[in-house]
Amino acid sequence: INVILQGTLAQDFSQSVHQGDVVAASGFTVGKSPTRLRDKLHPFNLQLSGDHACVFVSRVTKVPKYMYVRLKDLKPGTVVNVYGVVVFFKQPFRTRGTDFCSSLKITDQSNQSVFCTIFCEKLEDHPKIFQIGDIIRLHRVKTQFFNDSIMLVNTFGFSVVTFDGGEGGPVEPRTSCQKFHFDETDGSTVEELRAWAAGQVKMPPSPLMRLSAVQPTNYFDLTCQLLAKASIDSTCTLLRVWDGSRCAHTLLKVNISPDIIEGPPSFSARKEELIANILVYDNHVEFTRQLKPGDFLRLYNLRAIPGSQKVPGLPSSQPAELHHLSFHLHGGTAYGRGLRILPENSSDVQELKRVLDLFEDDELNNSYLMDTWSTTPESSAGENRTSKNLWPAAAAAFHPEVFTKQHPEQLSEVRRAGPGGVHHVRVQLRSYEPQKLHQLLKLYCSKCSSMQDVPDEELVENLFSQASRSPVPCDPPPWALSGMARLPPGPLKRTLSIHMSKQLVSEGKTTQLIFIMGSSLEEAIQLTSGYQNVVPVMSSGGHMTLLDLSAPFLFRGRKRFYGCRNCSDVVIKEPWGNGVELINEKTIAEAFGIQLMQFVFLMKFKLQDATDSLDVFLFRDAELFFGVTAEDAAANQEAQSRVCRMVESICPPEDSTGERPWLHLCLVSYSREDDFGQNQTCYQICHSAIASSSPDLQAPFHPPF
DNA sequence: GTTTAGGGTTGG
């Protein structure tokens with residue numbers, strides 16, 4: 001039925017009512033509804049317009065279905081539900097009883113870490129944990145004391161859901177359970193844990209490595225595709241796997257009789273170079289029986305062992321060669337040792353597939369060269385792998401893993417070939433621009449292709465103080481709750497005006513989003529510790545608006561986000577329509593009419609070899625090249641200095657004793673019109689990545705596009 | 001409403 005309100009009553013009502021509220025009306029009159037034919041509602045309506053008419057609005061607070069206990073507040077002998085970030089885990093292993101056992105350790109914002117043991121008969125009921133940092137939700141676990149500390153064990157009605165722990169990614173529950181509870185509060189709980197974990201320095205580092213980064217004696221986790229397998233004896237299975245990168249060390253070759261191999265008995269010479277043979281022992285052998293070639297796997301706590309190793313089942317005529325690296329998944333479950341199949345839709349597998357497909361496409365294109373390649377393997381044999389003068393021991397080595405040609409070309413040939421080609425070169429870096437390395441970060445608008453420097457701190461500070469110098473009051477938008485905020489104790493004891501969304505506050509999401517007016521830059525930064533999204537605003541013509549777009553429009557943790565001046569048309573609206581659960585830079589930018597700028601790396605290198613020198617850009621594949629995203633470099637001093645160290649290590653200063661290493665790079669040449677309308681040939685580094693040999697320079701896994 | 005395990009590597 002339609003209810004018609006007028007005057008101040010209508011105004012008061014519309015400001016306080018929310019969808020879902022219970023409304024009681026008194027003093028109304030019944031009238032004929034003029035819209036009954038159109039809206040097909042009740043033929044009468046209720047008109048609340050007299051002097052005695054009034055409306056009561058009462059909010060029905062939703063009783064949450066599940067309560068979650070913080071890990072610090074666990075009491076012995078209770079059954080609870082908890083959320084946590086995984087800091088240690090073992091894949092499920094067989095117990096002496098009837099069940100498999102998952103062993104894990106989790107932590108949360110209360111900074112307590114707690115051990116959990118999950119017993120389940122079926123593997124699919126166990127938590128699907130892929131890596132440290134994953135988020136886990138446990139329902140109906142009981143607390144108990146062991147060794148003077150409280151721990152968790154599953155109990156009747158137990159259920160578990162896990163999520164990827166990466167900030168900004170989709171919140172996709174991992175479970176094999178058909179029916180499980182999941183609502184918007186779960187989504188925000190996961191987001192809150194992700195954001196909290198991202199700011200924790202004490203989180204254990206990921207042991208994931210690509211093959212190209214593995215060094216002798218390393219323990220590491222590997223994401224890979226299974227190409228073939230062979231059962232060697234009851235305690236050992238051979239897995240032949242690849243991840244698209246080439247290990248910097250000669251690998252153990254295992255010649256197995258073709259009739260015991262499941263999958264192709266051999267591969268092209270180029271592909272064989274990338275394949276790692278992994279020996280899986282003891283308790284893990286059972287799990288390898290269900291593996292099929294083509295499966296995507298993660299292997300936990302693999303060991304790379306150099307030198308002569310006895311390989312079980314191999315004929316004595318083929319002793320493992322000295323100094324050849326072999327990979328072992330030893331028996332036991334210490335340090336989470338084990339393996340699992342990764343689902344095809346997981347983001348890590350998607351990334352891996354892109355790299356592997358690139359290799360396969362490339363191999364197809366170059367199949368006409370394969371004959372030459374196979375008959376002269378020494379022509380390929382590891383110039384960039386073994387030569388000592390090529391690279392200082394602890395620095396990085398380059399492996400453009402996707403060559404379009406097998407032999408490096410000389411720079412003079414590259415120049416002669418003109419635009420429209422892909423070249424593999426062996427060069428030294430003579431110089432680079434910008435000289436000031438912090439300037440290699442830029443802001444880029446993908447819509448208008450404009451590029452600008454990242455504003456320095458002083459400029460942003462000025463914009464903040466300018467904005468706070470115009471204390472013109474402004475009408476807060478109708479959707480906002482406004483007030484003054486006291487900052488956490490510190491040197492600054494000022495208050496500033498804040499605005500929050502009524503809707504979010506009513507949903508209890510009080511830390512999701514805050515608008516601040518009249519603050520300094522420093523205060524805005526301080527607030528990021530308590531609020532996930534901090535938006536600085538000012539008053540203009542009585543309305544709330546953003547600061548000049550040279551300043552960040554949003555602070556999220558240590559990250560700052562900028563809008564494009566050309567392409568943005570700013571109107572502050574509620575950054576959530578119906579159904580928007582997630583509040584992040586994308587949803588906020590969209591709501592405010594902002595074209596989000598992205599951080600990019602841009603550098604110019606002067607390359608040289610014996611024949612010529614050539615200016616090339618590093619832009620499109622720069623993140624792959626450094627193994628660092630530009631966004632991380634912008635937010636994280638450590639990541640930024642890592643990039644600087646890499647640049648300095650491939651181009652040591654003139655006066656230093658450091659040798660200038662030879663780099664294998666992939667270059668693409670293309671034609672571009674210069675300012676005078678003349679066609680000009682440009683060059684860019686592509687597909688080339690730094691494969692590091694020291695852990696602090698390690699390049700993470702990253703797609704080449 | 002039971003039991004299992006209770007993180008911590010040198011091993012082919």
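Checking B:dG11, B:dG12, B:dA5 against every side-chain atom of A:Cys101, the shortest atom distance belongs to B:dA5. When each of B:dT3, B:dG12, B:dG8 is scored by its nearest atom to the side-chain atoms of A:Lys90, the top-ranked nucleotide is B:dG8. Distance from the side chain of A:Ala334 is smallest to B:dG8 among B:dT3, B:dT10, B:dG8. Between B:dA5, B:dT3, B:dG7, one nucleotide has an atom nearer to the side chain of A:Thr95 than all others, and that is B:dA5.
Regarding A:Gln91, its CD atom lies at a distance of 18 Å from the P atom of B:dA5, rounded to whole Å. Between A:Asn301 atom CG and B:dG7 atom C1' the separation is 11 Å, expressed in whole Å. Computed from coordinates, the A:Asp99 CG to B:dT3 P distance equals 12 Å when rounded to whole Å. Taking atom CZ on A:Phe146 and atom C1' on B:dT4, their separation rounds to 13 Å, with Å as the unit. Counting to the nearest Å, the P atom of B:dT4 and the CZ atom of A:Phe100 are 17 Å from each other. A:Leu104 places its CG atom 13 Å from the P atom of B:dG7, with the value rounded to the nearest Å. One can place CZ of A:Arg96 at 5 Å from P of B:dA5, the figure rounded to the nearest angstrom. One interatomic measurement links the two molecules: CG of A:Asp282 to C1' of B:dG12, which rounds to 8 Å at whole-angstrom precision.
Applying a 4.0 Å cut-off to non-hydrogen atoms, the residues of residues 147-164 of chain A that approach DNA chain B are A:Met151, A:Phe156, listed by residue number. Contacts with DNA chain B (heavy atom under 4.0 Å) in residues 106-136 of chain A: A:Phe115, A:Thr117, A:Phe119, listed by number.
No hydrogens or angles were tested; on distance alone, a donor-acceptor pair under 3.5 Å links the side chain of A:Arg303 to the base of B:dT10. The base of B:dG11 sits with one of its N or O atoms less than 3.5 Å from a complementary donor or acceptor on the side chain of A:Tyr219. The base of B:dG12 has none of its N or O atoms less than 3.5 Å from a complementary donor or acceptor on the side chain of A:His328.
Residue pairs that meet the side-chain hydrogen bond (donor to acceptor under 3.5 Å, both in side chains) test with at least one member in residues 141-153 of chain A, sequence neighbours left out, are A:Thr78-A:Thr143. Applying the ring pair (Phe, Tyr, Trp, His ring centres under 6.0 Å) definition to pairs two or more places apart or across chains, those involving residues 183-235 of chain A are A:Phe220-A:Phe327.
Partners of A:Glu172 according to the salt bridge (Lys or Arg N to Asp or Glu O under 4.0 Å) rule, which considers only residues two or more places apart in sequence or in another chain, do not exist here. With sequence neighbours left out, the ring-ring contact (aromatic ring centres under 6.0 Å, His included) criterion links A:Tyr300 to A:Phe89. Judged as a salt bridge (Lys or Arg N to Asp or Glu O under 4.0 Å), and not counting sequence neighbours, the contacts of A:Lys353 are A:Glu344. Not counting sequence neighbours, the partners of A:Tyr66 by the ring-ring contact (aromatic ring centres under 6.0 Å, His included) test are A:His139, A:His181.
A donor-acceptor pair is defined here as one N or O able to donate and one able to accept, closer than 3.5 Å; such a pair exists between the side chain of A:Ser641 and the backbone of A:Gln637.
Spacing between B:dT10 and B:dG6 at atom P, rounded to whole Å, works out to 15 Å.
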List, one per line, each side-chain donor-acceptor pair under 3.5 Å for residues 118-126 of chain A, sequence neighbours excluded.
{"residue": "A:His126", "atom": "ND1", "partner": "A:Ser102", "partner atom": "OG", "Å": "2.6"}
{"residue": "A:His126", "atom": "NE2", "partner": "A:Phe100", "partner atom": "O", "Å": "3.3"}
{"residue": "A:His126", "atom": "NE2", "partner": "A:Cys120", "partner atom": "N", "Å": "3.4"}
{"residue": "A:His126", "atom": "NE2", "partner": "A:Cys120", "partner atom": "O", "Å": "3.1"}

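Put simply, CD1 on A:Ile341 and CG on A:Leu291 are 5.0 Å apart, with the number rounded to the nearest 0.5 Å.
A salt bridge is defined here as a Lys NZ or Arg NE, NH1 or NH2 lying under 4.0 Å from an Asp or Glu carboxylate O, and A:Asp186 with A:Arg137 meets this definition.
Residue ring and nucleobase are not stacked for A:Tyr335 and B:dG7 under a centre distance beneath 5.5 angstrom and an angle between planes beneath 30°.
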